[in-house]
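Worksheet: one structure, shown below.
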Amino acid sequence: MTDVLTFDAAGIARGAAILRAGGLVAFGTETVYGLGGDATNPQAVAAIFAAKGRPHFNPLICHYTDAEAAFRHVEVNEAARVLARALWPGPLTLVLPRRPDCPVALLTGAGLDTLAVRVPAHPIALALIAALGRPIAAPSANRSGQVSPTSAAHVLDGLAGRIDAVIDSGPCPVGVESTVLALTGPRPLLLRPGGATVEAIEALIGPIDHGAPHGVDQPGAGLRSPGMLLSHYAPTLPVRLEARSVGAEEALLAFGPALAGAGATFDLSPTGNPTEAASRLFEGLRDLDARGQALGLRGIAVMPVPDAGLGLAINDRLRRSAAPRGTP
Ligand code: TXA
Ligand code: MG
């Protein structure tokens, strides 16, 4: 039985009590809903992997109330300080070396000697971490491989009965996950495009390595960021990208003025605004998947989205949702 808690002092207190006892609580952040557990409790972290049905122990992001708390657990450098000052709280995750005395469970970082740390810009998330008094490990609150949740209802779709509670904090304003940036090598490396744009990051610390094209790891190259499986965010219906025309047998995920003739349409942003589109992306994939299946449509066609600003993160998620299922 999964309790739905309210976005108030009682809901936060109950959520923190569940976490303290080793339970799992989903909660809103500015990006997507997270599936939280006490990051210092290895049993709680193991329960996160089990609830998601994650096939491997991909490392999880550790969420803190502020940079000072985060930087007590990792080795900090100048780029990390500059980015934290400008972009935290916010949709940026920094991968840094763990400090030897870091109390975060090794399973949180999947046994790596690095840790991904982030300060979310959301009152619920911050209040819950503060009430627990420890960092919260939280992947997106969906079953492994499925579309990330941007509302409490999405969380319940995938995880009802598998987690203790969800705190309903309404829709997530950014709508795509945080940008993941590794600051462990000679140059900063983009591991996952996300809510903090590459443009904003490079304006602060100069050019960063983008790694493999569009952040997708090449097969056989070894996964730098173990969570970056190619097929991910997959709806049930197949996804076709770069659609320039559409027929009545397909559902359409539109960007800008919608193509005519689709069997069902969800418009990410009628004005072609990538920020609005990011906030509606996962909602749109879920909506078209449900309506498309009910109508017997054969797939979801997606109009092109330019690769600038949040468009980079949107296209990364769309490519994964369209990738052959079960890869790698
Ligand atoms: O916006 C977000 O980041 C959301 C909210 C809940 O904060 N969380 C999220 O977590 O998207 P998750 O687990 O779905 O994605 C975490 C990503 C994965 O690609 C993982 O491989 C990478 O971060 N990651 C975590 N720790 C890492 C590490 N030590 N080294 C390299 N990559 C790491
Ligand atoms: Mg995820």
Side-chain angles (χ1 to χ4, degrees), residues 24-37 39 45 48-49 51-54 56-64 73-75 88-98 102 104-122 124-126 128-129 135-150 154-155 158-159 166-167 169 172-185 189-196 211 215-217 222-234 278 282 310 313 316-317 320-321:
L24 302 185
V25 178
F27 59 97
T29 79
E30 80 279 32
T31 57
V32 300
Y33 273 70
L35 172 52
V45 177
I48 294 176
F49 289 107
K52 278 187 70 93
R54 263 204 186 179
H56 310 291
F57 289 145
N58 298 326
L60 306 179
I61 296 171
C62 224
H63 298 71
Y64 295 83
H73 291 176
V74 287
E75 310 279 1
W88 278 354
L92 173 68
T93 295
L94 299 177
V95 174
L96 291 160
R98 275 174 80 102
C102 175
V104 171
L106 279 169
L107 186 56
T108 302
L112 298 174
D113 53 11
T114 56
L115 189 66
V117 295
R118 144 164 153 81
V119 177
H122 197 289
I124 275 289
L126 294 172
L128 192 62
I129 304 162
I136 295 180
S140 51
N142 51 281
R143 297 298 303 272
S144 187
Q146 295 177 355
V147 176
S148 295
T150 53
H154 295 166
V155 173
L159 295 175
V166 55
I167 304 179
S169 44
C172 301
V174 174
V176 290
E177 296 87 342
S178 62
T179 302
V180 181
L181 187 71
L183 295 175
T184 46
L189 175 65
L190 180 69
L191 295 178
R192 177 177 75 181
V216 177
D217 289 286
L223 294 179
R224 273 191 314 272
S225 187
M228 298 200 63
L229 305 180
L230 195 50
S231 173
H232 211 93
Y233 310 99
F282 294 135
L310 286 184
D316 171 78
R317 306 306 185 269
R320 289 169 205 283
S321 73

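Atoms within a ligand are numbered from 1 in the order they appear, just like the ligands themselves. In this chain, residues are counted from 1 in sequence order. Atom set for the values below is all heavy atoms of this structure, side chains included, hydrogens, waters and symmetry mates excluded.
Listed by atom number, the atoms of ligand 1 under 4.0 Å from G34 heavy atoms are 6 (C). Of all atoms in ligand 1, numbered sequentially from 1 with element shown, those under 4.0 Å from a heavy atom of I61 are 3 (O), 8 (N), 9 (C), 10 (O), 16 (C). Within ligand 1, counting atoms from 1 as listed, the ones closer than 4.0 Å to a heavy atom of L112 are 28 (C), 29 (N), 30 (N). Counting the atoms of ligand 1 from 1 in the order shown, those under 4.0 Å from a heavy atom of L191 are 31 (C), 32 (N). Atoms of ligand 1 found under 4.0 Å from any heavy atom of A116 (numbered from 1 in listed order, with element): 25 (C), 26 (N), 27 (C). Interface atoms of ligand 1 facing A138, defined by a heavy-atom separation under 4.0 Å, are 6 (C), 8 (N), 10 (O).
The side chain to side chain donor-acceptor pair (under 3.5 Å) check on E177 picks up S148, Y233, R317, with sequence neighbours excluded.
Within the 4.5 Å cutoff, no side-chain heavy atoms of H154 are placed close to those of V32. In this structure, W88 and L94 have side chains that are in contact, with non-hydrogen atoms separated by less than 4.5 Å.
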Do V117 and H73 pass the side-chain contact (heavy atoms from CB on, under 4.5 Å) test, and can you show the C-alpha distance, the side-chain angles, and the key distance before you say yes or no?
CA-CA 9 Å; V117 295; H73 291 176; 5.6 Å; no
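Among H63, H122, R118, the one residue that satisfies the side-chain hydrogen bond (donor to acceptor under 3.5 Å, both in side chains) test with T29 is R118. When L181, V95, T93 are each tested for a side-chain contact (heavy atoms from CB on, under 4.5 Å) with L191, only one passes: V95.
The option from A26, P59, G111 that lies nearest to atom 26 (N) of ligand 1, judged by heavy atoms, is P59. Of the listed residues (L94, L92, V180, I136), the one carrying the non-hydrogen atom nearest atom 23 (O) of ligand 1 is V180. When the options S140, G28, G194 are ranked by their closest heavy atom to atom 14 (O) of ligand 1, first place goes to S140.
The closest approach between H63 and ligand 1 falls below 4.0 Å for a heavy atom of the residue. Using a 4.0 Å heavy-atom cutoff, P120 is absent from the residues neighbouring ligand 1. Proximity of N58 to ligand 1 is not established, as no heavy-atom distance is less than 4.0 Å.
Within the protein, the number of N, O or S atoms lying under 2.8 Å from the Mg ion (ligand 2) is 1.
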